[in-house]
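Read through the structure below, which is laid out as structure tokens, and then see the notes.
When a residue number appears, it is its place in the shown sequence, counting from 1.
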Amino acid sequence: MACLMAELSITAHGADSSPAYNFLNIPSSARVYGLGGINISNIDDDINSVEQNPALLGPEFDMQLGINYMRYIAGTNLAGVKFGTRAGDHGAWGVGLQYYGYGEMKETDAAGNIMGSFSPKDVNFNGIYSHDITDRLRGGIALKFLYSSYAEYTAFAIATDLGINYYDPDRDLSLSAVVANLGGQVKRFDRAYDRLPVDLRLGWSQSFGQLPIRFSVTAWNLTKWKMPYYDTGDGSDSDNDGTALKQSFASNFFRHLIFAADFIPSDKFHIGIGYNYKTRTDMSTYKRSFLSGFSIGAGISVKSFRLGIAFAQPHTGATTFMLNLSTNLTELIQ
């Protein structure tokens, strides 16, 4: 079981101290994935992005349906569906189902003997409600029911996200705060309870003047300051024993930040790029490429449909793609 959890830890943005439920940090929005993987403040018209911050959901998402698919690291496939609609003039609610399948793995006993194979998976069923506090301030709450099945081990957990967003359309300024993954396990895998990756996140997004570029900075993992990691370099140093511990002030500081820029020449098209320093440093042991830490995404609207695609290469052995499709059901049936 320990080997399995280590594998899932790598799959979900690197090996943190508590790997259980790190799949909650994998986005389902191609736009968000292209902007670095986490973005709680970017204003988008795609229902797939509201999982980042429940306060991003609003009446403007009335009768919107979104689906997503991602080919992720090590044979992992992720897929999901979301639906949102208005609740009066100042509120909205939504539901979503997200599936995380990690492919087939060998099952061994304590002595290392192969007993067969199994297909581990996680499922996230969630509901969201948001409400306008003022004409520029909105709050939201998400409730997530999490089911995990790894061979004969299963677990069930409940988590809550609390979010708030301030948006000034005159300056295209968006400020957000999210407390993510509050909750715990109702049913544990085995003897010990696994903690959820509780996190405090802050976000800023803004464009300037007539420049059609929206810049974003997202701060995450704010419940802890020290985030040391080991850097093995590029493998060219034969004297490197893999124990180069990085824990300087600058290293800790930038591992908390994700930088992004979204080029939006019209409301029909966008292309964005993001840089996640934590992803790059987490992948330092796994033959990272020049592109490690960078991601890119684009989206286009055609009639009633919005299509999004994103790409990243965390290390040389893993190229990841994400696809999104969303539509307004009211417009579709008219």
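F305 and F61 end up in different hydrophobic clusters when Ile, Leu, Val, Met, Phe, Trp and Tyr side chains are linked at under 4.5 Å.
Of the possible donor and acceptor atoms, none in the side chain of S216 sits under 3.5 Å from a partner among the backbone N and O of N42. Checked by atom type and distance alone, the side chain of N276 pairs as donor or acceptor with a backbone atom of G36 at under 3.5 Å. Looking only at distances, no side-chain donor or acceptor of K226 sits under 3.5 Å from a matching main-chain atom of N252. H90 places no side-chain N or O within 3.5 Å of a backbone atom of D132 that could act as its donor or acceptor partner. A donor-acceptor pair is defined here as one N or O able to donate and one able to accept, closer than 3.5 Å; such a pair exists between the side chain of Q64 and the backbone of I47. Under a 3.5 Å cut-off, the side chain of S251 and the backbone N or O of S248 do not form any donor-acceptor pair. Under a 3.5 Å cut-off, the side chain of Q52 and the backbone N or O of N39 do form a donor-acceptor pair. A side-chain donor-acceptor contact under 3.5 Å links N324 to the backbone of A30.
Residues P54 and G163 share a closest heavy-atom pair of CG-N, 3.8 Å. Closest of all the heavy-atom pairs between A155 and Q185 is CB-NE2, 3.6 Å. Nearest heavy atoms, G34 versus A310: N-CB, 3.9 Å. Residues T154 and S149 share a closest heavy-atom pair of CG2-OG, 4.0 Å. Closest approach of G203 and I40 over heavy atoms only: N-CD1, 3.5 Å. In plain terms, the two heavy atoms of A157 and L196 that are nearest each other are CB-CD1, 4.1 Å.
A heavy-atom distance below 4.5 Å is not found between the side chains of M322 and Y72. No side-chain heavy atom of F208 sits less than 4.5 Å from a side-chain heavy atom of R171. Side chains of Y277 and I258 form no contact here, defined as non-hydrogen atoms less than 4.5 Å apart. D172 places a side-chain heavy atom less than 4.5 Å from the side chain of Y167. When side chains are defined from C-beta on, Y193 does not count as touching R195, because their heavy atoms never get closer than 4.5 Å. At least one side-chain heavy atom of I43 sits under 4.5 Å from a side-chain heavy atom of L56. In this structure the side chain of T76 reaches within 4.5 angstrom of the side chain of L78, judged on heavy atoms. For the pair W204/L173, a side-chain contact is recorded, criterion being any heavy-atom separation below 4.5 Å from C-beta on.
Inspection of the N221 and R255 side chains reveals no N or O donor paired with an N or O acceptor under 3.5 Å. With hydrogens and angles left out, the side-chain atoms of S41 and S176 include no donor and acceptor closer than 3.5 Å. Inspection of the N48 and S29 side chains reveals no N or O donor paired with an N or O acceptor under 3.5 Å. Side-chain N/O atoms of S148 and K121 include no donor and acceptor closer than 3.5 Å. A donor atom on one side chain and an acceptor atom on the other are found under 3.5 Å apart for Y102 and D122. Side chains of N77 and Y99: no donor on one and acceptor on the other come within 3.5 Å.
We find the CG-OG1 distance between L202 and T218 to be 9.5 Å, quoted to the nearest 0.5 Å. A distance of 8.0 Å separates CD1 in I300 from CG in L307, rounded to the nearest 0.5 Å. In this structure, CG on N25 lies 10.0 Å from OG1 on T279, to the nearest 0.5 angstrom. For the atom pair OG1 (T330) and CG (N328), the distance works out to 5.0 Å, reported to the nearest 0.5 Å. Distance check: S28 OG to N124 CG gives 9.0 Å after rounding to the nearest 0.5 Å.
D89 pairs by the salt bridge (charged side-chain N to carboxylate O under 4.0 Å, His left out) definition with R86, not counting sequence neighbours. Annotation: side-chain contact (heavy atoms from CB on, under 4.5 Å) contacts of L137 (sequence neighbours excluded): I133, T134, I164, Y166. Looking at residues two or more places apart in sequence or on another chain, you find a side-chain hydrogen bond (donor to acceptor under 3.5 Å, both in side chains) between S174 and N165. Partners of D170 according to the side-chain hydrogen bond (donor to acceptor under 3.5 Å, both in side chains) rule, which considers only residues two or more places apart in sequence or in another chain, are R136. Not counting sequence neighbours, the partners of Y129 by the side-chain contact (heavy atoms from CB on, under 4.5 Å) test are A87, W93, H131, I141. Take F311 and apply the ring-ring contact (aromatic ring centres under 6.0 Å, His included) test, not counting sequence neighbours, and it matches F321. With sequence neighbours excluded, the residues forming a side-chain contact (heavy atoms from CB on, under 4.5 Å) with V186 are F156, I158, listed by chain and number. Listed by chain and residue number, nothing satisfies the side-chain hydrogen bond (donor to acceptor under 3.5 Å, both in side chains) test with S304 (two or more places apart in sequence, or in another chain). For I213, the side-chain contact (heavy atoms from CB on, under 4.5 Å) test picks out L211, F215, A261, F263, with sequence neighbours left out.
Look at R188 and D194 and you find no salt bridge, because none of the NZ, NE, NH1 or NH2 atoms lies under 4.0 Å from a carboxylate O.
In this structure, the ring of Y275 has its center less than 6.0 angstrom from the ring center of F294.
Below 30°, between 30° and 60°, or above 60°: for W225 and F253 the angle between ring planes is between 30° and 60°, a tilted geometry.
For residues 259-277, every residue pair satisfying the salt bridge (charged side-chain N to carboxylate O under 4.0 Å, His left out) rule, not counting sequence neighbours, is listed here: R31-D262. Applying the salt bridge (charged side-chain N to carboxylate O under 4.0 Å, His left out) test to pairs two or more places apart or on separate chains, those with a residue in residues 151-163 are K144-D161. Among residue pairs with one or both ends in residues 56-83, those qualifying as salt bridge (charged side-chain N to carboxylate O under 4.0 Å, His left out) are E60-R138; sequence neighbours excluded.
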#### Entry: Worked check of side-chain contact (heavy atoms from CB on, under 4.5 Å) between K278 and M227
CA-CA 9 Å; K278 185 178 184 300; M227 298 174 60; 3.2 Å; yes
### Query
Do T320 and Q313 pass the side-chain contact (heavy atoms from CB on, under 4.5 Å) test, and can you show the C-alpha distance, the side-chain angles, and the key distance before you say yes or no?
CA-CA 6 Å; T320 61; Q313 189 181 60; over 6 Å; no
